[in-house]
Amino acid sequence: MTEREFLIPVGPQHPALKEPENFLFKVEGEYVVDVEPRLGYNHRGIEKAMESRTYIQNLYLIERICGICSNAHQTCYTLNVEEVLGMEIPERAKYIRVFMAELERIHSHLLWLGVAAHEIGFDTLFFYIWRDREVVMDLLEMVSGNRVNYAMPTIGGVRRDIPSDKIPQYKKMLKILEERTKYYKEVAAKEQTILNRTVGVGVLKKADAVRLSATGPNLRSCGVAKDARVDTPYLVYDQIPFNVITYDGGDQLAQILVRVDEVLESVKICEYCLDHLPDGPIREKFSPLGRVPEGEAVNFVEAQRGEDIHYLQSRGGDKPYRYKIRAPTLANIPSLIERLKGGYIADIPIVLAGIDPCFSCTDRMTFIDIEKEKTWEMTGDQLRRYGIEWYNR
Amino acid sequence: MVQSIGDIIQIFVFPGFLFLLNYALFAEWLSRKFAARLQNRIGPLHTGWKGILQPLADSIKLLAKEDITPSAADKLVFYATPIVIFALPLASLLLIPIQSITNLWSFDPVISFEGDLILILLSMTIVILSIFLAGWSSSNRFGAVGATRAALQMLAYEIPLGLASIGPAIFAQSLSIKKIVNWQIESFTSFLQSPSLLAIPVWLIMATGFAVFVICLLAELELRPFDIPEAETEIVGGWQVEFSGRKLLLLVVGRDIKMVLAAALLTSLFLGGAAGPWPIPPLGWFIIKTVVCIFILSNLSILLARYRIDQMLYGSWKYLIPVSVLQAMAVIALTGVM
Amino acid sequence: MLSLIDEHSRLLDGLSIHLGTENVLDKKIPRERRIFVTVKKEKLKEAMRYLKEKENFIHISTITALDGGEYLEVIYHLTKKDLNLNLKVRTPHDDPTVPSISDIFNGAILYEREIHDLLGIKPEGHPNLKRLELPEDWPEDVHPLLKRWDLESIRKKINGGGE
Amino acid sequence: MGIISWARTRSPWLIHFNAGACNACDIEVLAALTPRFDVERFGALLKGSPRHADVMVVTGSVSRQVKDRLKRIYAQMPEPKFVVAVGSCAISGGTFQHCYNVMEGVDKVIPVNAYIPGCPPKPEAILDGVVKLLKSIGY
């Protein structure tokens, strides 16, 4: 702590971070020198709880790890259980799961785009984007009955079918989404005030991104084309033509453009799924008390924020012996620290939001700093004592 | 005796505090509604007709709230600064010509003397200094960072603000706002009778002065592109973070009055004050012109994202100050020729 | 072009030759793109170096640790194009330590802190072994994911020791 | 008392605190601000600092780590303050009831005035909850 450094706690209650996490920044004037993330405010001990619940009950728990990528976690969980059961799910169910996954990606990326605009103080864009996001929320509500936590994937297939007479309406809504996203892509790329706050801000070099095994748009914005849908394809992603978006700017603008292009890509995938939806049943029989044979399985899903890995070990019986979840945000935190160092205080929110952190996913296993630092709101006398102690150090 | 009662009414009732306070609340409703409509929202709706009483409801609620003073805060400064931030803009609004109560068609201000323009600029600077003190005295980290940012921002826009306001003063050969307004009326009427070629550069200079003035007012009012001192997403409310209850009320209404002061200054220096053709009295013209200025200010603040403090300093030192200096020089050159 | 399964078995043979067949306890290829292999604890670092240089694995997805009853098991999930390799290492309950691989795969620095926190498996040579996501007022010796701790005993320990 | 209670019901300034939620409720609280639902019609604004706020919107089953931060933020709010627990996690811990790190419900930590059930409650439900809270304090 050099003479002029000043410790700014950001969070756990902070309007820029929608979730409780606490970053301690060592700053010199307006420059960030060092970052100590202190999270764990969201840790609920889900993995322990999963060991004491049956497979069907775990479906509801897995879905509520994180509101925005609930479908991704559920898809991965059902893939794991079906692999251990050796159960083959109907082709139609696979297409519906991919359709839901891509819809959720559109929903999450649009949400993030709005929040990113809000971080740099551009509230008008935030309101416009979230107004257009309502279109995808209505679409999700029509398909699954709920705006968030759709509970579509279940062990053995999908819970609800897509009525074929509704498909033209879904397509019309997808078209609206595509136009609006193209408009926002143009705004993001040309609006000078956005460029001022995002170009060259929070830059991550490609070597660092690979060294720290980052994932998702955070990695792809540094020019590395790594996508779980291509590296370890699951469901029917190997039959669907789509390309992996990469930009090599490595700064916040690259993150914005990667996500906006991915929305356009997801709209194409959704349309492909709707066109090639095979008919047939949507679910295999799996009784709620069903027992799962011994075995283990690892599965990857490309969630909105990156590669989401689940590991299941079952030793017979109706409860998993061990279930491990590593959400994408935890993999992105070391590279987030790299991005934050050397920036301005004013850039903290946009760089923090850059990796689209989902601390409710991460917090099942995020990390805390032992050093006994006070909570975010130092009272006056602590600050004075701290100030005196700091000056005569 | 009669004279003094007239003054009291002028200061406290008509073009004075009562009218200005209501007008400030009306201005806040206007900008909030305008911002909402621009963002495709509805804005306040249920309090009074179309939500017009919303600012009043906010103020009364704040009056009735608990007023917390942090134990470590510097008590005297913590109490004094909100009062200064509220009182100074209100007082300097008395210097603006709105409407004289003696006869319907004249618009001389409550007090007018040579150099009241300088007094208004001084009061604006003191308000910013008290904002710095307020943030610093609240002994909260975010307050401290907000305060330093407010001070930094003042460095950036004070000089262009002063220079831009000198333009009309030099044209009118005087530093009193009343005379500046009169000059504008004469030059405008003379231009209508005999449009001379010489008028074009005058209009050009006045236009650049207007633009520079608007940008500096955005910074002074801490509106969107320059609301760095109270950047809500970065430092949690900036220098206002520790204020609550009555002190927060003084700050909120103080900001509205500053908005009205900015709009009034803009109209009287560049848009011909409260003067206008026959049917509408000066008060009507004053309200129309200030509403237009408020629209301009809040429209600009809606459409732009927030700049970083260093970008703002860089922008103002590199562009704003040279332009305002050029404008002042051009004015001097032109008056020499005329 | 070799089919994926042949590719995986070629990789496994290369690994067991490099480490010596007695150190590779069991190998399993359940399906395309998945390999499960168990290695002796002493040979872990060497295996990791081999996989990084020879088989150009660069990305470590995560590290899973579980309480397998008589032993503690740690699984390293490495991924690259078209392959996910899961390297398993076992340690007895009374010696819960594992050599740290954060110098080979920097991304693992967080996952090792997590297994230390939740299961008490200490990664040797870890640069800053601090507590992971458990709260600050959490007693040191309680590692919730160990099988001997169930919900009531954790609550009793915390409420007893805690507030 | 008519004017003050009229003013209090007409301008509830909100502050949002996520006490370990899965952020489904948080994005619905945020959606309530956006053009389609626009909670500003009732005069509600989202404020940054607890000093400026009257109503605290808490989401999520309070995790052990967040517990004392929640108390601290609640203590910082000036007096006529109200708490709205949004979502079944905030009401009773929801699906995370038997997890070792969860306090199962906001009312175990701070007094709560209004509960909005749902997982997540739709923005209309949140608006309805806020308006009902306003009516109740309007007595």
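Just so you know, these numbers come straight off a predicted model, no measurement behind them. Every chain is numbered from 1 and lettered A, B, ... according to where its sequence line falls, protein lines coming before strand lines. Scope of the values below: all heavy atoms of this structure, side chains included, with no hydrogens, waters or symmetry mates.
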Shortest non-hydrogen pair, B:Ala64 vs D:Pro80, comes out as O-CG, 4.3 Å
Scanning both residues in full, the closest heavy-atom pair of D:Ser11 with B:Asp58 reads CB-OD1, 2.6 Å
Heavy-atom nearest pair, B:Glu66 first then D:Glu79, reads OE1-N, 2.5 Å
So, the part of D:Ala44 with a heavy atom under 4.5 Å from chain B: the answer is neither
When the 4.5 angstrom heavy-atom criterion is applied to B:Gln54 and chain D, the contacting part is side chain
query: If you count the non-hydrogen atoms of other residues, nucleotides and ligands that lie under 6.0 Å from OH in B:Tyr314, is the total more than 12?
result: no
Honestly, the part of B:Leu248 sitting under 4.5 Å from a heavy atom of chain D is side chain
When rounded to the nearest 0.5 Å, the distance separating CD1 of B:Ile60 from CZ of D:Arg8 is 11.5 Å
One should read off an interatomic distance between D:Asp54 CG and B:Leu62 CG, to the nearest 0.5 angstrom, of 7.5 Å
Turns out that what part of B:Leu63 lies under 4.5 Å from chain D's heavy atoms comes down to neither
Decide yes or no for B:Gln39 and D:Pro35: does some side-chain heavy atom of the first lie under 4.5 Å from some side-chain heavy atom of the second? no
Honestly, the part of D:Leu45 sitting under 4.5 Å from a heavy atom of chain B is side chain
One should read off an interatomic distance between D:Glu40 CD and B:Lys33 NZ, to the nearest 0.5 angstrom, of 8.5 Å
Handout entry: Within 6.0 angstrom of B:Arg246 CZ, more than 12 heavy atoms from elsewhere
Key = no
Rounding to 0.5 Å, atoms CZ (D:Arg51) and NZ (B:Lys65) come to a distance of 11.5 Å
Heaviest contributor of heavy-atom pairs below 4.5 Å to chain D, chosen from B:Gly245, B:Ser244, B:Ala57, is B:Ala57
Heavy-atom count check: over 12 atoms from other residues, nucleotides or ligands less than 6.0 Å from B:Trp136 CH2? no
Would B:Lys61 pass as a cation-pi partner of D:Trp13, given that its NZ or CZ must be under 6.0 Å from the six-membered ring centre and within 45 degrees of the axis? yes
Correct closest heavy-atom pair for B:Thr47 and D:Arg10 would be CG2-CD, 2.8 Å
Under 4.5 Å to a heavy atom of chain D? For B:Ile42 that would be both
| In this structure, are over 12 heavy atoms from other groups packed under 6.0 Å from B:Lys75 atom NZ? | yes
Atom NZ of residue position D:Lys108 - does it have more than 12 heavy atoms of other residues, nucleotides or ligands inside 6.0 Å?
yes
